[in-house]
Structure formats: C-alpha cells, structure tokens
Amino acid sequence: MAPAGATAPVNELHSVQGGDPGLYAGTHNTPSCDVEKQIRALQASPAKNRAFASVAGVGPSAVPAYLRSLTPVQLRVDTRVTDHGYRGGAATSYQAVLQTGTAVLVDSRGVPRVRCMSGNPLTPPVAQRTTPKVKGDHWASYRPSNVVVVRPATQVIKVFVIFDSHQDKWFHRHRGDHSGHDDQWTKPPKHPVNPWATPVSPLPPSPSSPTPTGTSSPTSTGGAPAAPPAVSPRA
C-alpha cells in the first residue's frame, strides 16, 4: 500500500475476493436480475447472442445455461470492471466503474459477469498504460481511492452471504439461485469484509488496452435498453 500522502500507482486498486462475506448486498427473496428475460432477448437476436457468447467464453447454444449458473447480487462498493457493448455485429470493450448498488450476476467464484440493467457481459478489469481519465457522469460519493476490483475466490462458492440493507439483516443465497425463493436468514458473519480497507494490489497485465467503444452509450449486448456506465476510466 502506498505511504500516507503518496499516490498509488495507476494500475493498483483495492482488491477483494468474490467469496468474502459482506461483499455483496441484495433483497431477501427478491432477485435483482431477470435472467429468463435476458435469455429470451438474446435468443431473439442471434447476432447479439453470438457477441455475448464470445465475451463469456461459451458457445452460443450454451448461453442460457451459462446465465442460469450465475447468481444475482448488488454491489456494496464501487467496482471496476471491463464492460462490453455491441457494435457492428461484434462485442466492444471499455473500462468502467460500476456504482455501489448496481445489480450484477456473479459467477461461482464471486466475480461480476453480467450487468443486469443493460444485460452487458462483464470481465475483470485490465491494467491501463497511462493514468485513466474519467469520462461520463459520476455520483457524489465517487472516489477513485474507494474503487475495488473483485478477484476470484480461491474455491467455488456454494452459498453467498449477502446483506439486506432494507431489513438490516443477513441471508444466505445458494449459487445459481436467480429466483431468490430459497434465501435463508442467517447470523451476521463474524468478520464481514470491509472493501474500503483492503490491500492495494496491482491489476493483472494485459497485452493491450481494451478496445474503446468511442461513445459512453454503447448498444447493449443483452436484453435491456443500453445503459452507459456512470464512470468510464479511459487510458
């Protein structure tokens, strides 16, 4: 971590693991994403389905099963990702920061893989060659020093420990449960993660910077209307 008063290198962010208790929020018995709606939308647009599949790393016919394997949660801290839009018959990519409260689908290691509002596939962020420049609207509480990157949990997560801010209570959600019907209240974790006080770690190296979309409002690859990231750091 950088000494007090020093500036951390541009390719370093606070790092959390996807399985850390308390990393994600949600509403008990209420999913934050309509997975079946996105499946229907992608099936109705084969070109977008192929673009989505190319980012997800699965075959086009495997997209429904892939989406159903993910778990709906909400971010409890501003999170940097690589977001993917759609243009000219192919997926595009750009670095983005998703605001606290954003609904996402996470994989079996707790890594965000889909942004629910837009349906865009997500992948981990990549290192930038220069200091990122913020483009797009940002929210009042946005601070670059508070942004985190989610790293895969060391083991497959069977049950996510999620905080319900409406009830001020904690609950379990089983991996791949996108209905929320099997959510179960549980005791607060003994050591919930504090994403704002985690070690600063370098981003993994990338052979090249992500392809910019050229706009802050790319067409969505998913079934919802296109929705730009509130903050998009550009190199």
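Residues take their numbers from the sequence shown, with the count starting at 1. Side chains are part of it too, since the values below use all heavy atoms of this structure and drop only hydrogens, waters and symmetry mates.
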Checklist entry - Val55 and Val114: same hydrophobic cluster, using ILVMFWY side-chain contacts below 4.5 Å? => result no

Next on the checklist: Does either side chain, that of Ser15 or that of Arg151, offer a donor lying less than 3.5 Å from an acceptor on the other one?
Outcome noted: yes

Checklist entry - Sub-3.5 Å donor-acceptor pair from the side chain of Arg76 to the main-chain atoms of Ile162, do we have one? => result no

Next on the checklist: I'd like to know if the side chain of Arg173 and the backbone of Val159 have a donor-acceptor N/O pair within less than 3.5 Å.
Outcome noted: no

Checklist entry - Shortest non-hydrogen contact from Gly110 to Tyr24? => result O-OH, 2.6 Å

Checklist entry - Would you say the side chains of Thr27 and Asn29 form a donor-acceptor pair under 3.5 Å? => result no

Next on the checklist: Is it true that Asn146 and Asp78 share a donor-acceptor pair across their side chains at a distance under 3.5 Å?
Outcome noted: no

Next on the checklist: Between His14 (side chain only) and Ser145 (backbone N and O only), is there a donor and an acceptor less than 3.5 Å apart?
Outcome noted: yes

Checklist entry - Atom CG in Asn120, atom CD in Gln38: separation rounded to 0.5 Å? => result 8.5 Å

Checklist entry - Any sub-3.5 Å donor-acceptor pair from Arg143's side-chain atoms to Ala140's backbone N or O? => result yes

Checklist outcome for this item: Those residues at least two apart in sequence (or on a different chain) that pass side-chain contact (heavy atoms from CB on, under 4.5 Å) with Ala47 are Arg50, Tyr86

Next on the checklist: I'd like to check Gln43 versus Pro64 (side-chain heavy atoms, cut-off strictly below 4.5 Å). Are they in contact?
Outcome noted: yes

Checklist outcome for this item: dist Arg40:CZ -> Ser45:OG (nearest 0.5 Å) comes out at 15.0 Å

Item to check | Reported CG-to-CG distance for the pair Asp83 and Leu122, which is rounded to 0.5 angstrom | outcome: 5.0 Å

Item to check | Trace of the side chain to side chain contact (heavy atoms under 4.5 Å, CB included) decision for Arg175 with Asp107 | outcome: CA-CA 8 Å; Arg175 183 184 77 244; Asp107 65 15; over 6 Å; no

Checklist entry - Taking all atoms of both residues into account, what is the closest heavy-atom pair of Val111 and Pro124, and its distance? => result CG1-CG, 4.4 Å

Checklist entry - Any idea which heavy atoms bring Ala91 and Ser54 closest together, and the distance? => result CB-OG, 4.3 Å

Checklist entry - Do the side chains of Val73 and Val156 join up, straight or via other hydrophobic residues, at under 4.5 Å, putting them in one cluster? => result no

Next on the checklist: Going by side-chain contact (heavy atoms from CB on, under 4.5 Å), name the residues that satisfy it together with Thr102, two or more places apart in sequence or in a different chain.
Outcome noted: Leu75, Leu98, Gln99, Val104, Arg115

Checklist outcome for this item: Closest heavy-atom pair, Thr123 versus Arg113, reported as atoms and distance to 0.1 Å, is CA-NH1, 3.9 Å

Next on the checklist: Assess the residue pair His28 and His166 against the criterion (side chain to side chain contact (heavy atoms under 4.5 Å, CB included)); give the C-alpha distance rounded to whole Å, side-chain angles, the decisive distance to 0.1 Å, and a yes or no.
Outcome noted: CA-CA 9 Å; His28 186 261; His166 301 288; over 6 Å; no

Item to check | Point-to-point distance, once rounded to the nearest 0.5 Å, from CG of Asp183 to NE2 of His172 | outcome: 10.5 Å

Item to check | Among Pro125, Pro144, Pro112, the one residue meeting side chain to side chain contact (heavy atoms under 4.5 Å, CB included) with Arg80 | outcome: Pro125

Checklist entry - Just by distance, do the side chain of Thr79 and the backbone of Val77 share a donor-acceptor pair under 3.5 Å? => result yes

Checklist entry - Judged by atom type as modelled, is there a donor-acceptor pair below 3.5 Å linking the side chain of Thr71 to the main-chain atoms of Gly176? => result yes

Item to check | Short side-chain donor-acceptor distance under 3.5 Å, Thr92 and His84 | outcome: no

Next on the checklist: I need the Phe171 CZ to Asp182 CG distance, nearest 0.5 Å.
Outcome noted: 12.0 Å

Checklist entry - Stepwise, does the side chain to side chain contact (heavy atoms under 4.5 Å, CB included) test hold for Leu23 with Val150? => result CA-CA 9 Å; Leu23 176 60; Val150 179; 4.3 Å; yes

Item to check | Minimal non-hydrogen separation, Pro72 against Ser32, with atom names | outcome: CB-OG, 3.6 Å

Checklist entry - Run the salt bridge (Lys or Arg N to Asp or Glu O under 4.0 Å) check on Asp164 and Lys169 step by step: do they pass? => result CA-CA 5 Å; Asp164 187 329; Lys169 296 169 67 176; over 6 Å; no

Next on the checklist: Which Ile, Leu, Val, Met, Phe, Trp or Tyr residues join Val161 in one cluster when any pair of side-chain heavy atoms under 4.5 Å counts as a link?
Outcome noted: Phe163, Trp170

Next on the checklist: Return the CD to NE2 distance between Gln184 and His174, rounded to the nearest 0.5 Å.
Outcome noted: 5.0 Å

Checklist entry - Does the pair Val147 and Tyr142 meet the rule for a side chain to side chain contact (heavy atoms under 4.5 Å, CB included), with working shown? => result CA-CA 8 Å; Val147 176; Tyr142 172 71; 3.8 Å; yes

Checklist entry - What are the two closest heavy atoms between Phe160 and Ile157, and how far apart are they? => result CE2-CD1, 3.6 Å

